[in-house]
Amino acid sequence: MAPYSYRPLERRSEIRVLHLSPALEDYEPLCGTLVHVDLDSQPYYKTLSYTWGEPDFTCTIKLDVPGFLKELYNGYVSLYNDEGVRPGDHISNTTHDSYISIPKRDHPGWVAFRLFISRPWFRRVWVIQEFALPRLVTMVCGDWTMDATVPGMIMMLFNVIPISHVVADLDDPIVNELAHRGLILVQAHLRWRLRCGNKTGLATKIFDSPSATDTSIIAPTDRSLHNLVTMTSICDSSDPRDRFYGVLGLCTDLDDPGLEADYAKEVEEIELDVLKNIFKRGHGLRILESLWWSSRTTGPSPSWLRSWTKQPAYEFTCGIRARNNFRNRSTASYIQPIRLEDASNVVLIKGYVLDIVEELGMERSSDCPSETTVETVLRQIEAMIEGSLFLRNGHYPPDAWWRTVIGNKVDKGSLESAEYSTKYRNFRNILNDQVDNVETPYNDMQKLKDFDELMLSLARTDDARFCITRSGLMAMVPRYAKTGDAIITVFGDPNYQTFVVRKRANSDCHIWIGKAYIHCISGVEYRDIEEGEPCEIKIC
């Protein structure tokens, strides 16, 4: 057979398709013909979505994964239909084995499942469109095949009825983290497939399952550039530019020729092009609120330039600060107060300077909060509060400071004062090894469950620092915040979010530092400011 001679594609709608020739005997070399076809003629072809593994084999695992996945899916349906479990119910480690529908905790399939979703294929950025666009998708792993929508269905069910130990029981913390990312992405793949209109295969059962109550699954087909590139922040690619180029084929709001794939550009140049496109569409606040901290506090790059390839281990998430409805705070202007000056790369924000960072707590330096680190930080915060010259005396109820530390947000929504005050006191007693002071009735299993829950809540603010403001309020601010930084809010933001900025020396411009949380009690702490006229805040 003559060697292949390269021929360039003649039009944008043309692709190359490999016709494989049948083998007469086993182990013959692969042979085929590479031909050009026009997509406008709707040719029939199969695509192969794959990822390269490591060059060396490290181990061999033989387990019936496909059988376990089907057993798990059917078990979930039985939980809903036969055992009365409803969306929002939580299957904890202690209650797991009381359910007859799902495999027991010691079933070897759980280990295989966690190892399965930690495979690199699930994290590969190009898989997003490779999974979303074909009419039919089949998963092949070793010697078995299955409907590729099954894992995504199970992930969605996990999202509706959580099982505590799904990705937390492996000995290797790195594999645990990979499995957690896989768990997020495998259901995201199915969501994007549904948003592309492909509802064939097992995914059609979604409307007859408990997850039918999850309206986001069948929400309008939002395939915006912002949503897609946000998801790629937890994906992998050998070339970081593919975090953007790998999803362009799915975008429904892409009309900027400057965003076509161009591998002559550097990553930062592509990030800037993408963000400019999103700002022009009126989604500037979505960018700023997702930039929970900025590491670009020095150098020539804009401080608001988000990197999708350099993110902290934990996203700083917090509750909504207490507030009353003020004049001039119409939520209809949500996307209007932020615009971008294209030529200068300056972001103009219409907003309010609420307060100034005055006293700062210690920085938590570890990627994952340990009990020792948490205890040290909390002790230092308690000492800060006792010795503060700015804190408003008598303004805060006893539970205010620990609510501030966790951003007034836990896994199960709003906080109930009495319940969480008790939980937090017990949490502090456990940290101080004063187990005898833990309040009763309080069994060991519940104690550990509450302890884990509060450690997870603290993890959300792991990249933030405790702060007391000039006006005497408690707050959590980004790790890079400094004394003298300003705390601002955006005019018209319905969530009344707060952010930290820093004035550049000898300039009217500010550096974007990141998201903050101010713990307000009455909701009128900044009434005089927020009922006034907003000012223009320049971010560069």
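Sequence positions, counted from 1, serve as the residue numbers for this chain. All values below come from the heavy atoms of this structure, side chains included, with hydrogens, waters and symmetry mates left out.
Ser41 contributes no side-chain N or O that, together with a main-chain N or O of Val37, makes up a donor-acceptor pair within less than 3.5 Å. Proximity of a side-chain donor or acceptor of Arg114 to a complementary backbone N or O of Ala179 within less than 3.5 Å is not detected. Using modelled atom types, no side-chain atom of Thr498 and backbone atom of Thr489 make a donor-acceptor pair closer than 3.5 Å. Side chain of Arg123 to backbone of Ser118: a donor-acceptor contact under 3.5 angstrom is found. The backbone N or O of Leu39 lies less than 3.5 Å from no partner atom in the side chain of Glu14, so there is not a single donor-acceptor pair.
For Trp512 and Phe499, the ring centers are positioned less than 6.0 Å apart. Side-chain rings of Tyr245 and Trp126 stay apart, their centers remaining 6.0 Å or farther from each other.
Val137 has its side chain within reach of Arg193: a pair of non-hydrogen atoms, C-beta onward, lies under 4.5 Å apart. Contact of the Ile278 side chain with the Arg286 side chain is not registered, since no non-hydrogen atoms from C-beta on lie closer than 4.5 Å. Proximity of Ile270 to Glu266: side-chain heavy atoms (C-beta onward) are nowhere separated by under 4.5 Å. Within the 4.5 Å cutoff, the side chain of Arg504 has heavy atoms near those of the Ile511 side chain. Residues Phe279 and Arg339 are not in side-chain contact: their nearest non-hydrogen atoms beyond the backbone lie 4.5 Å or more apart. The shortest distance between side-chain heavy atoms of Val501 and Ile349 does not fall below 4.5 Å. Taking the side chain as every heavy atom from C-beta outward, Phe116 and Trp121 never approach each other to under 4.5 Å. When side chains are defined from C-beta on, Met231 counts as touching Leu185, because their heavy atoms get closer than 4.5 Å.
For the pair Thr47 and Pro134, the tightest heavy-atom approach, listed with the atom from each and the gap, is OG1-CG, 4.3 Å. The nearest pair of heavy atoms linking Phe122 to His189 is O-CE1, 3.3 Å. Nearest heavy-atom pair across Ser78 and Ser101 is CB-OG, 3.4 Å. Taking both residues in full, the closest heavy atoms of Pro337 and Phe491 are given as CG-O, 2.7 Å, listed atom of the first, atom of the second, then distance. The nearest pair of heavy atoms linking Ser224 to Thr252 is N-OG1, 4.4 Å. Nearest approach of Ala261 to Leu248, heavy atoms of both residues: N-CD1, 4.2 Å.
Using a 4.0 Å cut-off between charged side-chain N and carboxylate O, Lys265 and Glu268 make no salt bridge. We find that Arg124 and Glu130 are joined by a salt bridge, their nearest charged nitrogen and carboxylate oxygen being less than 4.0 Å apart. Taking 4.0 Å as the cut-off between side-chain N and carboxylate O, Arg241 and Glu269 do not count as a salt-bridged pair. By the 4.0 Å N-to-carboxylate-O rule, Lys104 lies too far from Asp106 to be salt-bridged with it.
The structure places OG1 of Thr232 at 6.5 Å from CD1 of Ile128, a figure rounded to the nearest 0.5 Å. Taken from OG1 in Thr230 to CD1 in Ile287, the straight-line distance is 6.0 Å, to the nearest 0.5 Å. For the atom pair CZ of Phe244 and SG of Cys251, the computed distance is 11.5 Å after rounding to the nearest 0.5 Å. In this structure, CD on Glu10 lies 9.5 Å from CG on Asp38, to the nearest 0.5 angstrom. Taken from CG in Leu178 to CD1 in Ile234, the straight-line distance is 11.5 Å, to the nearest 0.5 Å. Rounding to the nearest 0.5 angstrom, the gap separating the CG atom in Leu288 from the CD1 atom in Ile539 is 7.5 Å.
Shown here is Glu341, whose CD atom has more than 12 heavy atoms of other residues, nucleotides or ligands within 6.0 Å. Leu18 CG: more than 12 foreign heavy atoms inside a 6.0 Å radius. The environment of CZ in Arg11 is crowded: more than 12 heavy-atom neighbours from other residues, nucleotides or ligands sit within 6.0 Å. In the displayed structure, Glu536 atom CD is contacted under 6.0 Å by more than 12 heavy atoms of other residues, nucleotides or ligands.
Applying the side chain to side chain donor-acceptor pair (under 3.5 Å) criterion to Asn277, with sequence neighbours excluded, gives Arg281.
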Start with the C-alpha distance between Val274 and His226, add both sets of side-chain angles, then the distance that settles side-chain contact (heavy atoms from CB on, under 4.5 Å), and finish with yes or no. CA-CA 8 Å; Val274 168; His226 175 265; over 6 Å; no
Taking it one step at a time, do Asp242 and Tyr263 satisfy side-chain hydrogen bond (donor to acceptor under 3.5 Å, both in side chains)? CA-CA 9 Å; Asp242 286 339; Tyr263 287 91; 2.4 Å; yes
Could you walk me through whether Ile488 and Ile537 pass the side-chain contact (heavy atoms from CB on, under 4.5 Å) test, one step at a time? CA-CA 9 Å; Ile488 69 167; Ile537 303 167; 3.9 Å; yes
With side-chain contact (heavy atoms from CB on, under 4.5 Å) as the criterion, how do Asn345 and Lys276 come out once you've worked through the C-alpha distance, each side chain's angles and the decisive distance to 0.1 Å? CA-CA 9 Å; Asn345 291 334; Lys276 284 183 175 180; 2.9 Å; yes
Derivation and outcome, side-chain contact (heavy atoms from CB on, under 4.5 Å), residues His180 and Ile184: CA-CA 6 Å; His180 179 67; Ile184 296 172; 3.6 Å; yes
